[in-house]
Amino acid sequence: MLAVTALALLKLRNLFAVAMLAGIYSLLSAGLFVALDAVDVAFTEAAVGAGISTILLLGTLSLVGHDQKKSTRSSVVPLLVVLVTGSILVYGTLDMPPYGDPGNPAHHHVAPHYLEESEHEIGIPNVVTSVLASYRGYDTMGETTVIFTAMVGVLLLMGGVRRREGSATLDGKPDREGDAHGG
Amino acid sequence: MEDNVILRIGAKILIPFILMFALYVQFHGDYGPGGGFQAGVIFAAAFILYALIYGVDTAKRVLPLRFAWFCGALGVWIYAGVGVVTLFMGAEFLNYNVLRHDPEHGQELGILLVELGVLTTVFGVMVAIFYMFAARRQVR
Amino acid sequence: MNVLGLVNYWAFIFLMMVGFYILISQGNLIKKIVGLSIFQTSVFILYISMGKIRGGTAPILMSEGDPVYSNPLPHVLILTAIVVGVATTALGLSLVVRIHEAYGTIEEDEIHDHDLA
Amino acid sequence: MTAHLPVLQVVIPLLAAPLCAMVRHGRIAWGIALATSWTTFGIAIRLLAQVQAEGPISYALGGWAAPVGIEYRVDLVNAFVLVIVTAIGAVVTPYALKSVEQEIDAAKIPLFYAAFVLCLTGLLGIAVTGDVFNVFVFLEVSSLSAYALIALGQDRRALTAAYQYLIMGSIGATFIVIGIGMMYVMTGTLNMVDLSVLLAELGPNRTVAVAFGFLSVGISLKLALFPLHFWLPNAYTYAPSAVTAFIASTATKVAVYMLLRFFFTVFGGVFSFDVMQLDRVLLPLALVAIFSMSLVAIFQANVKRMLAYSSVAQIGYMILGISMASVTGLTAGILHLFNHALIKGGLFMALGCVMYRVGSVEIEAMRGLAKKMPWTMAAFVAGGFSLIGLPFTVGFISKWYLILGALERDGWQWWLVVGLVLTTSLMALVYIWRVVEAAYFQEAPNAESPGGGFPGEGTSAVVEAPLALLIPTWVLIVANFYFGIDATFTAKVAGSAARSLMGIAP
């Protein structure tokens, strides 16, 4: 299912359909996350992928139009890059511990500490929350900063610039009139 | 969409439920899936729904861009502020153990506060970005 | 070597590579961003599958029984990565809007022609 | 509070950024940014002194000891990188005031400084951490702010440059995430020190080899290592002057540091060079980068773009030093981190002065400029000397150590390396000379605006740049000579850093 969606995305040239399919891809992967026991991740992926990203994509499309022109460029080089990268990755999995095996080293070093100690060290049942907000709380602070950075970036790029009729691109540089508070 | 009565009434009924769900997600994060980020997204979604139905201008009167902007910055301050407080209480940055008399309650309080910080930033940022894209559209 | 145990990984690698291909082969700026998010989402799936333990449950502690929990750490990392991904998408799309305003197109080839002209 | 210096190094700018975003006046935001950059510089100096005196510092964030929690770990290598980044920040921020007021919309200046401080936060966060996933998070803080800052350039090509950088940077970051995941699945840890122990125990392993490959390619994308450098020339050329000066002298340096950290600390020099034969890949790439990019630089009409290509070549010098995998070679690489930051910072700031008055940095537009802007052009020439590597400049010190490192090795091919370093120095002389010739030996063009940037402001009305721009520029230029004449401090730190990376007690 995921593969079909992804391949359809490659071929489609109507960008509205692309946005919708991207949302569907997210929802499908959210379902997969549930199957893989990652309920928090599934929740977030659904909210972000099917929610925010789709709204942003549709918002962008309403501003820039929705038809993709047929590309004339050759696709041999990208295909080659992808094939090489993919084969290297597959080669890399050869020594990987098998899927789902409880004996994998990843499950025996740090993870047991979270599962066994968090009950009395933190005292809340959702271990993902404990790790997210306390054991690795600093990462989450970084994550909050990343979101804030995105806001600063979007405000800088989109804030308050008004296009004046006809003058926008004549001198080859973006119009810088207007003020960022206006929005 | 601004004239559609059914949508308006539907939204009026729906939005409080969405907000309650967001609060549930925020405070239930300790027990089930969810937390500050997801709650922030849902809060923002409720507000964006409101803006879509009642118009962005009405929405801006309720919640000005500058306020969303401020929320985005405030959340980072709340999160890092918890860390600074623990510094001044003589522990490492973000070591919640010292926030209360015993570590377990300290951790609980710390996690609650930082999740609140995440919620504030996510909500503010999402609404600010939505305003930005919406404002572009009005110009055209 | 247990090939069956690795087939899952290979499926996810295939998804990653489809996303990666969309990203580097398409000339449309929006399609590139969609490709990027497909690529990243598939990487996330690969990560989460590494944390899965067969017969395990979601890492939310239960008082009764003695269940096997899946590894919570990949979940936490991916939560962070998803958020970083959407931040990148937002910034990328706002760049696309600005590029469209400045050039009147979002096709890479046409932008290139404009710059040469 | 001294025990908390490692975390304060990052948290102070992190707290300052939202403050910058909230104030309404550009000058207030600038003041906050200035105070922040100087404070972080002070902290970095204290940290370096502390590390020199007492050895590596470890700081457990959240009170959770590694590997359960995230660890900040400062040793000589990253203490030195912190000093480089914050020093450039401390010099560029005062410079930014005037330059930014001219190039950026007044209402956006507070946000500009917020992004600027966030970029600093991200870079410091990468440098100070001892946790591989934490590297990724702060990498994205610095990258996202850098994309936005670059897009603020006045030319519309700044937008496409930023977009291209965003795509390449995100591919790089995703590759890094894949590499981290593969290391995690093999070891179960994210802590660098812990990883180095566990990876060494694991022995030869295909998954680790692929993880190594993905991390190398991912970081090389961020580093603009030839042939993954395509985003860099446009980004440097079209970004606002202050942004170019800051990013050119810090972002790639931090990426080089990441490479060092992964190659030597996480994977270990033995694995990287003996098992993976990294030098067989890096050495030719570095040599091709140095030669081809120096050649391309000669033919550029835009001086900023010329220096951008030169930067790719200079990154080649750093990689050349690293690929020698010897103490002298590494010392050369680390020294050049510092020295190149001084060189390119100074040169790009001098160009920013030209941009401020002339509105263009095409060679055409700089004809006869030496008479009108003597101090600016003198700074450019002095910085150029350093880039070429004339004696008494830092550029000379770098090349001296590089050649020493090459001569240590046996075999005729190393003589070729020495020859190449000398040849490309001559090539640097050629491209710097093109600017000097235009500025000093040619007549000023006619009154009409040559670059087309600022209508109505031709070169005829040009006067010397304001002191607010000249003083910071000259601070860096003087530093070029100060550390070029007396390199004992930098060489000592770089030498001990190199020894600690190679696992030899300093």
Side-chain angles (χ1 to χ4, degrees), chain A residues 2-3 6-7 9-10 15 18 22 25 29 32-33 36-41 44-45 48 52-53 56 60 63-64 68-69 71 73 75 78 81-82 86 89-90 93 98-100 102 106-107 111 114-115 119 125-128 131-132 136 139 143 146-147 150 153-154 157-158 163 168-169 174, chain C residues 1-2 5-6 8-10 13-15 17-22 24-25 27-28 30-31 34 37-38 41 45 48-50 52-54 56-61 68-73 75-76 78-80 82-84 86-87 89-91 93-98 100-102 106-107 109:
Chain A
L2 281 163
L7 288 172
L9 271 169
L10 179 61
L15 294 176
V18 166
Y25 187 87
S29 45
L32 192 57
F33 286 141
L36 291 170
D37 301 339
V39 277
D40 282 85
V41 179
T44 311
E45 178 63 40
V48 164
I52 302 170
S53 291
L56 282 175
T60 312
L63 293 170
V64 302
Q68 183 190 5
K69 301 214 173 69
S71 177
R73 55 170 68 193
S75 53
V81 172
V82 166
L89 270 173
V90 169
T93 58
Y99 167 80
H107 311 320
Y114 299 140
L115 290 169
E119 198 161 9
N126 188 348
V127 185
V128 174
V131 180
L132 188 81
R136 295 187 70 86
D139 263 354
E143 171 198 316
V146 170
I147 311 172
V154 173
L157 286 171
M158 311 263 287
R163 295 184 78 183
T169 59
Chain C
M1 188 180 60
N2 180 359
L6 298 177
N8 277 297
Y9 296 146
W10 296 346
I13 289 172
F14 176 76
L15 292 177
M17 288 306 118
V18 175
F20 192 36
Y21 181 73
I22 297 177
I24 60 179
S25 71
N28 184 291
I30 290 195
K31 203 105 171 248
V34 172
S37 62
I38 301 282
T41 310
I45 301 177
I48 296 294
S49 73
M50 292 172 183
K52 168 75 179 173
I53 296 178
R54 197 163 274 139
T57 63
I60 296 172
L61 302 178
V68 179
Y69 299 110
S70 278
N71 190 340
L73 188 52
H75 302 184
V76 174
I78 291 315
L79 281 172
T80 306
I82 290 177
V83 176
V84 170
V86 73
T89 307
L91 198 65
L93 287 175
S94 61
L95 269 171
V96 171
V97 170
R98 286 290 305 276
H100 184 259
E101 287 178 0
I106 52 165
E107 302 289 332
D109 304 339

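Only heavy atoms go into these numbers, but all of them, side chains included; no hydrogens, no water, no symmetry mates. Proteins come first, then strands; the chains are lettered A, B, ... in the order of their sequence lines, and each starts at number 1.
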[atom1]-[atom2] distance between [X] and [Y], expressed to the nearest 0.5 angstrom:
X: A:Tyr99; Y: C:Met50; atom1: OH; atom2: CE; answer: 12.5 Å
X: C:Asn71; Y: A:His107; atom1: CG; atom2: NE2; answer: 5.5 Å
X: A:Ser29; Y: C:Ile38; atom1: OG; atom2: CD1; answer: 8.0 Å
X: A:Thr93; Y: C:Asn8; atom1: OG1; atom2: CG; answer: 11.0 Å
X: A:Thr60; Y: C:His100; atom1: OG1; atom2: NE2; answer: 11.0 Å
X: C:Leu91; Y: A:Met158; atom1: CG; atom2: CE; answer: 10.5 Å

Determine the option with the most heavy-atom pairs under 4.5 angstrom with chain C, choosing from [options].
options: A:Val154, A:Ile52, A:Leu10; answer: A:Leu10
options: A:Ala150, A:Gly153, A:Ala111, A:Pro78; answer: A:Pro78
options: A:Ile147, A:Leu115, A:Val48; answer: A:Leu115
options: A:Leu2, A:Asp139, A:Val39, A:Val90; answer: A:Val90
options: A:Thr44, A:Val131, A:Asn126; answer: A:Asn126

>> Report which part of C:Tyr21 has an atom under 4.5 Å of a heavy atom belonging to chain A: side chain, backbone, both, or neither.
In response: both
> Heavy-atom distance under 4.5 Å to chain A: side chain of C:Thr57, backbone, both or neither?
Replying inline: backbone
>> Taking A:Pro102's backbone N and O only, do any of them form a donor-acceptor pair with C:Arg54's side chain (distance below 3.5 Å, no angle check)?
In response: no
> Is there a donor-acceptor pair closer than 3.5 Å between any side-chain N or O of C:Lys52 and the backbone N or O of A:Ala38?
Replying inline: no
Among the options [options], pick out the one with the most heavy-atom pairs lying under 4.5 Å from chain A.
options: C:Val34, C:Leu79, C:Val18, C:Val68; value: C:Leu79
options: C:Leu95, C:Ile45, C:Val86; value: C:Ile45
options: C:Ile106, C:Thr41, C:Ile78, C:Thr89; value: C:Thr41

Quick one: are [X] and [Y] in side-chain contact, heavy atoms under 4.5 Å?
X: C:Ile24; Y: A:Val81; result: yes
X: A:Glu45; Y: C:Ile82; result: yes
X: A:Val146; Y: C:Val83; result: no
X: A:Tyr114; Y: C:Pro59; result: no
X: C:Tyr69; Y: A:Asp37; result: no

> side chain to side chain contact (heavy atoms under 4.5 Å, CB included) between A:Arg136 and C:Leu73: does it pass, once the steps are laid out?
Replying inline: CA-CA 9 Å; A:Arg136 295 187 70 86; C:Leu73 188 52; 3.6 Å; yes
> For A:Leu56, is it the side chain, the backbone, both, or neither that has a heavy atom closer than 4.5 Å to a heavy atom of chain C?
Replying inline: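 For A:Leu56, heavy atoms of backbone and side chain both lie under 4.5 Å from chain C.
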Non-hydrogen atoms of [X] and [Y] that approach each other most closely:
X: C:Val96; Y: A:Val64; value: O-CG1, 4.4 Å
X: A:Leu36; Y: C:His75; value: O-NE2, 4.3 Å
X: C:Arg98; Y: A:Leu157; value: NH1-O, 2.6 Å

